[in-house]
Enquirer: 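If you scroll down you'll find the structure; I have some questions about it.
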Amino acid sequence: MQKRIFSGIQPSGVLHLGNYLGAIKNWVALQEKYDPIFCVVDLHAITVPQKPEELRQKTLEVAKTYLAAGIDPEKSLIFVQSHVPEHAELAWILNTITKIPELERMTQFKDKSKAFRQNLNAGLFNYPVLMAADILLYDANLVPVGEDQLQHVEIARTLARRFNSLFGETFVVPEPFVVKEGMRIMGLDDPKKKMSKSAASEYNYISLTDTPEKIREKIKKAVTDSGKEIRYSADKPAIKNLINIYALLDNAKPKEIVESYHGKGYAEFKKDLAEVVVGFLEPFQEKYNEIEDREVLRILEEGKSKAKKMAGEKMEKVREKVGLL
Ligand code: TYM
């Protein structure tokens with residue numbers, strides 16, 4: 001049997017190069033060899049306040065982004081999390097075997113509880129349990145994500161093992177999948193923090209919808225390190241991050257990029273990098289604009305019925321194991 005992969009993105013805020021290089025780019029490659037499922041996780045998105053009309057729109061946009069980036073609906077199952085209520089049902093059951101200190105330790109929860117002090121809802125706290133349910137429902141072997149999600153995949157592993165030992169073999173214990181250069185793309189305005197859709201300044205990220213002019217401006221303004229050399233090293237975090245972006249989009253190794261800029265300066269490097277990013281995003285955006293909403297809705301509807309069937313079968317087993325009549 002082919003190994004299965006599962007991953008998802010929240011429809012909250014703009015998608016940026018970090019999301020693409022940390023996650024979607026790997027999905028596109030992995031869909032060739034694995035049995036892939038990609039979800040738009042709208043139930044996760046509502047753990048912070050969302051405007052209902054915007055949420056619906058963004059859910060559609062994220063699915064469209066998957067398609068424009070090269071996720072092929074003939075090979076991959078694409079669906080919306082809330083269309084399959086079994087995710088919430090399994091999350092509830094998993095909540096009953098999750099220990100509170102395990103969730104209190106989550107870095108993302110600690111960060112978000114600082115940012116959302118006024119709306120510290122229980123959903124934000126239980127967020128990793130819903131993510132575990134997403135993964136375990138489909139017996140995923142591999143979960144391709146960025147570094148910030150590794151702790152959550154670890155919880156999914158813990159819960160799979162715990163459930164199996166309490167109720168008998170039920171869930172596959174999933175493995176995370178990351179690519180070193182892309183797992184943590186840093187902010188262009190601050191290479192100590194990851195590129196983030198909730199960053200205060202738009203100069204932190206390159207959105208997948210940015211215009212060529214905007215991209216050139218953002219890369220020109222990106223902070224650099226002291227010195228002049230293009231070197232790939234931990235003591236040059238800003239330039240290292242830009243080399244990673246360059247290498248991943250150009251399908252090259254960081255070493256090759258460094259060699260080709262030997263003796264050249266930051267300005268030339270940045271100018272070329274901007275063209276590499278524009279060269280990637282222009283055709284992506286063209287494709288994105290060509291895809292009609294109708295077509296996305298049709299694909300999501302098809303995904304919904306396939307995912308429902310799989311999740312339904314799994315939940316029957318889970319209910320029986322737990323002792324629900
Ligand atoms: P989300 O929506 O915050 O991010 C989507 C994906 O993008 C990755 N990512 C990054 N990778 C590299 N550098 C960055 N700066 C960067 N920023 C974001 C994230 O690691 C992620 O892979 N909880 C998840 C969504 C989720 C999920 C799941 C993922 C829900 N259920 C089941 C996998 C399996 C999240 O909030 O990702």
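Counting starts at 1 for both ligands and their atoms, following the listed order. Note that this is a predicted model, so its numbers are computed, not measured.
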Enquirer: Number the atoms of ligand 1 from 1 as they appear, then name those within less than 4.0 Å of a heavy atom of Val143, with their elements.
Expert: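 That gives atoms 33 (C), 34 (C) of ligand 1.
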Enquirer: Can you confirm, on distance only, whether ligand 1 has an N/O atom lying under 3.5 Å from any N/O atom belonging to Ile185?
Expert: yes
Enquirer: Is ligand 1 under 4.0 Å from a heavy atom in the side chain of Met186, in the backbone, in both, or in neither?
Expert: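 For Met186, there is no contact with ligand 1 at all, from either part.
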Enquirer: Of the backbone atoms (N, CA, C, O) and the side-chain heavy atoms from C-beta on, which set of Ile135 has a member under 4.0 Å from an atom of ligand 1: side chain, backbone, both, or neither?
Expert: side chain
Enquirer: Evaluate the side-chain proximity of Val318 to Phe171: yes if any heavy-atom separation is below 4.5 Å, no if none is.
Expert: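 Yes. Closest side-chain heavy atoms under 4.5 Å.
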Enquirer: Decide whether an N or O pair under 3.5 Å exists between Asp134 and ligand 1.
Expert: yes
Enquirer: Does His16 have a heavy atom less than 4.0 Å from any atom of ligand 1?
Expert: yes
Enquirer: Using the six-membered ring wherever Trp is involved, compare the ring planes of Tyr138 and His87 and label them parallel, tilted or perpendicular (cut-offs 30° and 60°).
Expert: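 Tyr138 and His87: tilted rings.
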Enquirer: For a salt bridge (charged side-chain N to carboxylate O under 4.0 Å, His left out) with Asp148, tell me which candidate from Lys193, Arg184, Lys194, Lys112 qualifies.
Expert: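 One option only clears the test, and that one is Lys194.
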Enquirer: For atom 28 (C) of ligand 1, grab the closest protein heavy atom and report residue, atom and distance to one decimal in Å.
Expert: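 Protein heavy atom with the smallest distance to atom 28 (C) of ligand 1: Met131 CG, 3.5 Å.
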Enquirer: Would you mind listing which atoms of ligand 1 come within a distance below 4.0 Å of any non-hydrogen atom of Met183?
Expert: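 Taking each heavy atom of Met183 in turn, ligand 1 has 11 (N), 12 (C), 13 (N) under 4.0 Å.
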Enquirer: Check ligand 1 against Gly22 and write out every atom of the ligand that is under 4.0 Å from a heavy-atom position of the residue.
Expert: 11 (N), 12 (C)
Enquirer: Within the structure, does Gly8 bring an N/O atom to less than 3.5 angstrom of an N/O atom in ligand 1?
Expert: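 It does not: no N or O of Gly8 is found under 3.5 Å from an N or O of ligand 1.
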Enquirer: Tell me, with the steps shown, if Lys271 and Glu275 meet salt bridge (Lys or Arg N to Asp or Glu O under 4.0 Å).
Expert: CA-CA 7 Å; Lys271 207 158 162 272; Glu275 295 319 307; over 6 Å; no
Enquirer: May I ask you to check whether Gln10 has an N/O atom sitting below 3.5 Å from an N/O atom of ligand 1?
Expert: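 Indeed, backbone or side chain, Gln10 has an N or O that close.
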Enquirer: Check this for me - ligand 1, Gln149, N or O atoms closer than 3.5 angstrom, yes or no?
Expert: yes
Enquirer: Once salt bridge (charged side-chain N to carboxylate O under 4.0 Å, His left out) is applied, do any residues pair with Lys214, and if so which ones, sequence neighbours excluded?
Expert: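 Once residues adjacent in sequence are excluded, the partners of Lys214 under the salt bridge (charged side-chain N to carboxylate O under 4.0 Å, His left out) criterion are Glu202, Glu217.
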Enquirer: Nearest non-hydrogen atom to atom 18 (C) of ligand 1 belongs to which of Ile5, Ile24, Asn19?
Expert: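 Shortest heavy-atom distance from atom 18 (C) of ligand 1: Asn19.
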Enquirer: I'd like to know whether the aromatic ring centres of His152 and Phe109 sit less than 6.0 Å apart in this structure.
Expert: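 No, they do not, as the ring centres are separated by 6.0 Å or more.
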Enquirer: Under 4.0 Å from a heavy atom of Val145: which atoms of ligand 1 are those, numbered in the order shown and with their elements?
Expert: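 Reading through ligand 1 atom by atom, the close ones are 22 (O), 29 (C), 33 (C).
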Enquirer: Using a strict 4.0 Å threshold on nitrogen-to-oxygen distance, state whether Arg157 and Glu154 make a salt bridge.
Expert: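 Judged by the 4.0 Å cut-off on N to carboxylate O distance, Arg157 and Glu154 do form a salt bridge.
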Enquirer: Taking only heavy atoms of Lys197 into account, list the atoms of ligand 1 that are under 4.0 Å away from them.
Expert: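 Selected atoms, number and element: 2 (O).
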Enquirer: So, do Phe6 and Phe177 have ring centers that fall under 6.0 Å from each other?
Expert: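 No, too far apart.
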Enquirer: N/O of Ser7 under 3.5 Å from N/O of ligand 1, yes or no?
Expert: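 Ser7 vs ligand 1: no N/O contact under 3.5 Å.
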Enquirer: Nearest to atom 20 (O) of ligand 1, what protein heavy atom do you find, and at what distance?
Expert: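 In this structure, atom 20 (O) of ligand 1 has Asp148 OD1, 2.4 Å as its nearest protein heavy atom.
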Enquirer: One thing to verify: whether Glu181 and Lys253 come together as a salt bridge, which I'm taking to mean a side-chain N less than 4.0 angstrom from a carboxylate O.
Expert: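 Looking at Lys253 and Glu181, the cut-off is not met.
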Enquirer: Does the distance from a Lys or Arg side-chain N to an Asp or Glu carboxylate O, for Lys314 and Glu86, drop under 4.0 Å?
Expert: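 Salt bridge absent between Lys314 and Glu86.
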Enquirer: Using distance alone, decide if ligand 1 has a nitrogen or oxygen within less than 3.5 Å of any nitrogen or oxygen in Tyr127.
Expert: yes
Enquirer: Please classify the His44 to ligand 1 contact at 4.0 Å (heavy-atom distances, strictly less than): side chain, backbone, both or neither.
Expert: side chain
Enquirer: Are any of the N/O atoms on Gly18, whether in the backbone or the side chain, positioned under 3.5 angstrom from an N/O atom of ligand 1?
Expert: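 Yes, at least one N or O pair falls under 3.5 Å.
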Enquirer: Please report which non-hydrogen protein atom sits nearest to atom 22 (O) of ligand 1, along with the residue it belongs to and the distance in Å to one decimal place.
Expert: Gly146 N, 3.1 Å
Enquirer: Between Met310 and Arg4, is any pair of side-chain heavy atoms under 4.5 Å apart?
Expert: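 In contact.
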Enquirer: Name all residues meeting the salt bridge (charged side-chain N to carboxylate O under 4.0 Å, His left out) criterion together with Lys64; count only those two or more places apart in sequence or in a different chain, and write none if there are none.
Expert: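 For Lys64 the salt bridge (charged side-chain N to carboxylate O under 4.0 Å, His left out) partners, ignoring immediate neighbours, are Asp293.
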Enquirer: Does Tyr20 have Lys25 sitting over its ring (NZ/CZ under 6.0 Å from centre, angle to axis within 45°)?
Expert: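 Relative to the ring axis of Tyr20, which defines the angle, Lys25 lies outside at least one limit.
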